[in-house]
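These notes are about the structure you will find just below.
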Amino acid sequence: VTDGNGCTNTLDITAPNCSCPVVNAPTSGGNKQVCLGGTNPALEVTVGAGETADWYDVATGGTAISMGSTSFTSTESATGTYTYYAETRNTTTSCVSSARTEVTLTINALPTVTFEAITPVCVDASAFDLTQGNPTGGTYSGTGITTSPEFDPSVAGVGTHTLTYTYTDGNSCTNTA
């Protein structure tokens, strides 16, 4: 390249490898979810015969975070949505797909669960339904719980007893109080 002042600059260009056949992008095995504190599931893709997948945390460019596997398990442990990208690679020619397939892992927070104290009751009091658990819709368990949410003091007997309230949210994440 010569500029207007007559200065010449050489620019090396590497021609693309046009001998690569078309390599299809991998097919996603679906996005995955896990509850905070659970074991992260493997993210998976499907590729053709004689192919494998390389995983990236960017849609284009970047450095592979895992190579040669159609599955990848994220090490993330905080709540949030994490996006990964799989690229197909031909194991013989090393030719790669022109596009990467996006697969996400969502780590859901555990629900906030509370269980307010129960006023002391006499052992001969009638059975009653507990309503101290929040959010509503959970299950009570422990000594004296006959059928949740019913507490029967005569079944519990005299003394202090530990009761638990368990709630599962719409993401199938469970917490107790």
Side-chain angles (χ1 to χ4, degrees), residues 1 10-116 130-142 145 147-149 163-177:
V1 178
T10 303
L11 179 64
D12 293 327
I13 299 174
T14 303
N17 180 354
C18 296
S19 65
C20 277
V22 172
V23 177
N24 293 323
T27 301
S28 172
N31 298 327
K32 302 290 175 106
Q33 292 189 40
V34 65
C35 299
L36 183 66
T39 301
N40 288 351
L43 303 177
E44 299 175 342
V45 294
T46 303
V47 296
E51 297 174 335
T52 190
D54 299 327
W55 294 83
Y56 296 81
D57 57 7
V58 292
T60 59
T63 302
I65 55 176
S66 178
M67 295 187 69
S69 179
T70 55
S71 67
F72 169 73
T73 302
S74 172
T75 59
E76 295 293 343
S77 60
T79 58
T81 299
Y82 303 92
T83 305
Y84 300 97
Y85 303 87
E87 177 179 83
T88 303
R89 179 172 42 88
N90 182 296
T91 56
T92 303
T93 65
S94 293
C95 295
V96 298
S97 56
S98 61
R100 293 179 181 164
T101 299
E102 177 179 306
V103 186
T104 62
L105 170 67
T106 300
I107 301 176
N108 295 307
L110 298 180
T112 300
V113 178
T114 60
F115 188 8
E116 296 175 20
L130 298 174
T131 58
Q132 291 83 354
N134 251 326
T136 59
T139 304
Y140 298 89
S141 60
I145 301 295
T147 302
S148 181
L163 301 179
T164 303
Y165 182 69
T166 304
Y167 177 79
T168 302
D169 67 13
N171 294 317
S172 297
C173 295
T174 301
N175 207 353
T176 61

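Because only heavy atoms are used, hydrogens play no part in the values below, and waters and symmetry mates are left out as well, while side chains stay in.
For the ring-ring contact (aromatic ring centres under 6.0 Å, His included) criterion with Y84, the lone passing option out of W55, F72, Y56 is F72.
Residues L110 and C35 have side chains in contact (heavy-atom distance under 4.5 Å, counting atoms from C-beta outward). Here the side chains of N31 and V103 are in contact, with some heavy-atom distance below 4.5 Å. Between L130 and S148, every side-chain heavy-atom pair lies at or beyond the 4.5 Å cut-off.
Minimum heavy-atom separation, V47 to P26: CG1-CB, 3.8 Å. Smallest separation of non-hydrogen atoms from T70 and A53: CA-CB, 4.2 Å. Taking every heavy atom of both residues into account, G30 and S28 meet most closely at N-OG, 2.9 Å. The two residues A25 and A99 make their nearest non-hydrogen contact at CB-O, 3.6 Å.
For residues 165-177, no pair satisfies salt bridge (charged side-chain N to carboxylate O under 4.0 Å, His left out), with sequence neighbours left out. Among pairs with a residue in residues 70-98, those fulfilling salt bridge (charged side-chain N to carboxylate O under 4.0 Å, His left out) read D54-R89, E87-R100, at least two apart in sequence or across chains.
In this structure, a donor-acceptor pair under 3.5 Å is present between the side chains of T168 and T174.
Distance check: N134 CG to T114 OG1 gives 4.5 Å after rounding to the nearest 0.5 Å. The OH atom of Y140 sits 10.5 Å away from atom OG1 of T166, with the distance rounded to the nearest 0.5 Å. Taken to the nearest 0.5 Å, the OG1 atom of T91 stands 8.0 Å off from the CD atom of E51. Atom OH of Y165 and atom CD1 of I145 lie 11.5 Å apart (nearest 0.5 Å). To the nearest 0.5 angstrom, S172 atom OG is 8.5 Å from Q33 atom CD. With rounding to the nearest 0.5 angstrom, the CG atom of N171 is 12.0 Å from the CG atom of L36.
Using modelled atom types, one side-chain atom of S97 and one backbone atom of T88 make a donor-acceptor pair closer than 3.5 Å. No donor-acceptor pair under 3.5 Å is formed between the side chain of N40 and the backbone N or O of T73. No donor-acceptor pair under 3.5 Å is formed between the side chain of T104 and the backbone N or O of Y82.
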For a side chain to side chain contact (heavy atoms under 4.5 Å, CB included) check, start with the C-alpha distance between V96 and V23, then their side-chain angles and the critical distance, and finish with the verdict. CA-CA 6 Å; V96 298; V23 177; 5.9 Å; no
